[in-house]
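In what follows, chains carry the letters A, B, and so on, assigned in the order in which the sequence lines appear, proteins first and then strands, with residues in each chain numbered from 1. Quick caveat: nothing in here was measured; it's all calculated off a predicted structure.
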2 protein chains.
Amino acid sequence: MNTTPGMPIASVERETGLSKDTLRVWERRYGFPTPERDANGERVYASAQVRRLAQIKRLMDRGHRPGKLMTLDEAALLALDEARSTAWASPDDLQLDAWLNLVKTHDSEALQQAFYREMAKRGMARFVQDIVAPLIARVGEAWSRNELGIFEEHLFSQHLEKLFRTTLANMAPQTGHPRVLLTTLSGEEHTLGLLMVEALLVVEDAYPVLLGPQTPIDEIVRAAQIKAVDAVCLSFSTAYSPALAAQGLRDLRQRLPADTQLWAGGYGVKPIRKAIDGVCLVPEFQDLFDCLARWRSEPGGKTVN
Amino acid sequence: MNTTPGMPIASVERETGLSKDTLRVWERRYGFPTPERDANGERVYASAQVRRLAQIKRLMDRGHRPGKLMTLDEAALLALDEARSTAWASPDDLQLDAWLNLVKTHDSEALQQAFYREMAKRGMARFVQDIVAPLIARVGEAWSRNELGIFEEHLFSQHLEKLFRTTLANMAPQTGHPRVLLTTLSGEEHTLGLLMVEALLVVEDAYPVLLGPQTPIDEIVRAAQIKAVDAVCLSFSTAYSPALAAQGLRDLRQRLPADTQLWAGGYGVKPIRKAIDGVCLVPEFQDLFDCLARWRSEPGGKTVN
DNA sequence: CGTCATTATTGTCTTGGACAAATAGTTGAC
DNA sequence: GTCAACTATTTGTCCAAGACAATAATGACG
């Protein structure tokens, strides 16, 4: 029996990354979503609507506004999804499509081998920028289009995690500058971004200190002092609310010593338009090298205001 | 003169893990916390109260109830923090104390080397059961007693993750029976338990499929079918509500094919008294070997596709 | 001492209103 | 035509007080 019982609002919040408040206010303003009610009068969302909400969230992270998206039908939303895929055509696109297919068909061994081969061929920096980052975006898009499920996405993530962990273990740096603390704020649980940054920093002779995800702000401050790092680098995925990210960065910047730099990277910082004082926004991996170069050009690593 | 002007409710939610709703209802019911208001009438929490909220949250995770905790003063809370769970001494206890001290003093290199040495000495199975699992419990206790911070706990977890990932990568099994899917339910984000189980399964010639944490139930079912596993193994940490775990296990058992076994492990299943039909509870690692042996002795277990 | 029914506790959901930050649209000066 | 400043709209988050179901604690009874 494949009955679709529907989910409560808390599950929808977890699945889509849209807050309960947002879900309720959308229903009030736009007339979408239209959840049923259970015996207790609480919202019960049909799974088709949850999928659509996730798709809308993806499109919003790309810059579209909810007011416009709500008026569109299924076909129009799908057209918007397709639009960008074709727009960003690059020489590597065919290869990425082939790999996306390996993900869809759960061909774990072929995928793993292809990863190692391509990393050896291009070197770490280009591998991360040209292959891994776009492929992660592709997988996310495919997920939002319901072309693959959470299962495939998790398996894909596990392969990448394994790849980076083993590669990094073999590179094992015990020295280098600057020393960079890698973590995320509470609520951001994606680790892959941190691993990619760690790999890039290691090949650039920096010394990353990987702390894992979800560290409260005052613990980040304490860790930065104890580990004597020159910079703190945070990662934000698309799911993280830009407003929360900006607030967290301001909080952290205030408590962190002035001579400790603060970098913020990942797709989640792209929607942040307004620059935050004393925070270096790193929306693309390329910008990470700029941050690194800027630190190295400064006298003694001291920040000059 | 307070250097920290205070934080909005969203930041407190992020820092403490208490929902906005909970924070507001506590204020209404118990008269704590007592945030100031800004010009717009929105709550502004003093950092001292945020620290106290975090402390209360820790005590609640250990089983205390908020209604009692709210009436206590600073000293009484600290007394509860210090209160120790009954620890029975074992020959390895001194060694565990020494290692806990390495965690407290952030001596990463010494800890890592001690781990590898001890694993080589005892073998994987005994290393996991006698050293890693008790040490994780120790670290959890020390954290709840405020003897070490989230920073130290994160660093400790990262070392263990690195250890297991690299060891597992080198063992890299491509075959073996039974095939076991490893994951957690949504809401349980701890991965270390899964990695330990994976290591034990590999040395026992089973074939684990690591899916990572937080897979929705219907995706677990789909993954089990596609990967043609003989069993699904879930992990629950102490933080996970036993009632939620039991409910999730019943739901999953109902949707999973009858010939696919369901194992549930971790400290989180210990409080589950009532056996669940068709679910094998694995509170200790030793019980995992029993499950494995039982599968292998069953007539259906020997059939290889 | 265990088992069942009752009572207390506690987190989450509800509604509808309000407002500030961000974005879009408009006007005017150069 | 370009850029700046001003106004209008959009949009996410916060607030209040009430309600209820799930969990834990308590008491009654065999």
Trainee: At what distance, to the nearest 0.5 angstrom, does NZ of K57(A) lie from CG of L69(A)?
Mentor: 12.5 Å
Trainee: May I ask you to test the E188(A)-P213(A) pair for a side-chain heavy-atom distance under 4.5 Å?
Mentor: no
Trainee: Would you mind telling me which of dG11(C), dT11(D), dA16(D) lies closest to the side-chain atoms of M60(B)?
Mentor: dG11(C)
Trainee: For R43(B), report the nucleic acid contact type (base, sugar-phosphate, nothing); a contact means any heavy atom under 4.0 Å.
Mentor: sugar-phosphate
Trainee: Please name the residue in the list L211(B), I217(B), D218(B) that meets the side chain to side chain contact (heavy atoms under 4.5 Å, CB included) test with T215(B).
Mentor: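 Per the side chain to side chain contact (heavy atoms under 4.5 Å, CB included) rule, the option paired with T215(B) is L211(B), out of L211(B), I217(B), D218(B).
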Trainee: Is it true that R222(A) and E152(B) make a salt bridge, defined as a side-chain N closer than 4.0 Å to a carboxylate O?
Mentor: yes
Trainee: Tell me whether the OP1 or OP2 atom of dT10(D) has a side-chain N or O from Y30(A) closer than 4.0 Å.
Mentor: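 Answer is no, no contact under 4.0 Å.
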Trainee: Measure CD1/I56(B) against C1'/dT10(C) and give the value in whole Å, please.
Mentor: 14 Å
Trainee: For N40(A) and for K68(A), find the nucleotide of DNA chain D with the closest heavy atom, then tell me which residue's nucleotide is more 5'.
Mentor: K68(A)
Trainee: Separation of R29(A) atom CZ from dT10(D) atom P, in whole Å?
Mentor: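 Going from CZ in R29(A) over to P in dT10(D) covers 10 Å.
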Trainee: Expressed in angstrom and rounded to an integer, what is the separation of E13(B) atom CD from dC14(D) atom C1'?
Mentor: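 E13(B) atom CD is separated from dC14(D) atom C1' by 12 Å.
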Trainee: Between atom CG in L53(A) and atom C1' in dG12(D), what is the gap in whole Å?
Mentor: 15 Å
Trainee: Nearest 0.5 Å, what's the CG-CE distance between L18(B) and M60(B)?
Mentor: 6.5 Å
Trainee: Starting from the 5' end of DNA chain C, give me the residue, G41(A) or P66(B), whose nearest nucleotide shows up first.
Mentor: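 Nearest-nucleotide comparison on DNA chain C picks P66(B).
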Trainee: Give the rounded distance in Å between these two atoms: CZ of R28(B) and P of dT9(C).
Mentor: 16 Å
Trainee: So does R65(B) reach the base of dA24(D) with its side chain, donor to acceptor, closer than 3.5 Å?
Mentor: no
Trainee: Which nucleotide wins on minimum distance to the side chain of E42(A), given the candidates dT14(C), dT11(D), dC14(D)?
Mentor: dT14(C)
Trainee: Please say which of E13(A), E27(A), E36(A) ends up in a salt bridge (charged side-chain N to carboxylate O under 4.0 Å, His left out) with R43(A).
Mentor: E27(A)
Trainee: Taking CZ from R37(A) and P from dC13(C), how many angstroms apart are they, rounded to a whole number?
Mentor: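 Taking atom P of dC13(C) as the reference, CZ of R37(A) is at 12 Å.
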Trainee: Might you work through the side chain to side chain contact (heavy atoms under 4.5 Å, CB included) test for Q261(B) and C291(B), ending with a clear yes or no?
Mentor: CA-CA 10 Å; Q261(B) 295 203 357; C291(B) 275; 5.6 Å; no
Trainee: Using a heavy-atom cut-off of under 4.0 Å over every strand shown, decide if P8(B) touches base, sugar-phosphate, or nothing.
Mentor: nothing
Trainee: Quick one, which residues of residues 17-27 of chain B touch DNA chain C with a heavy atom under 4.0 Å?
Mentor: S19(B), D21(B), T22(B), V25(B), W26(B)
Trainee: Please state how far atom CZ in F32(B) lies from atom P in dT10(C), giving the value in whole angstrom units.
Mentor: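 After rounding, the gap between these two atoms is 15 Å.
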Trainee: Once you round it to whole Å, what is the distance between P of dT10(C) and NZ of K57(B)?
Mentor: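 So the two atoms are 15 Å apart, to the nearest Å.
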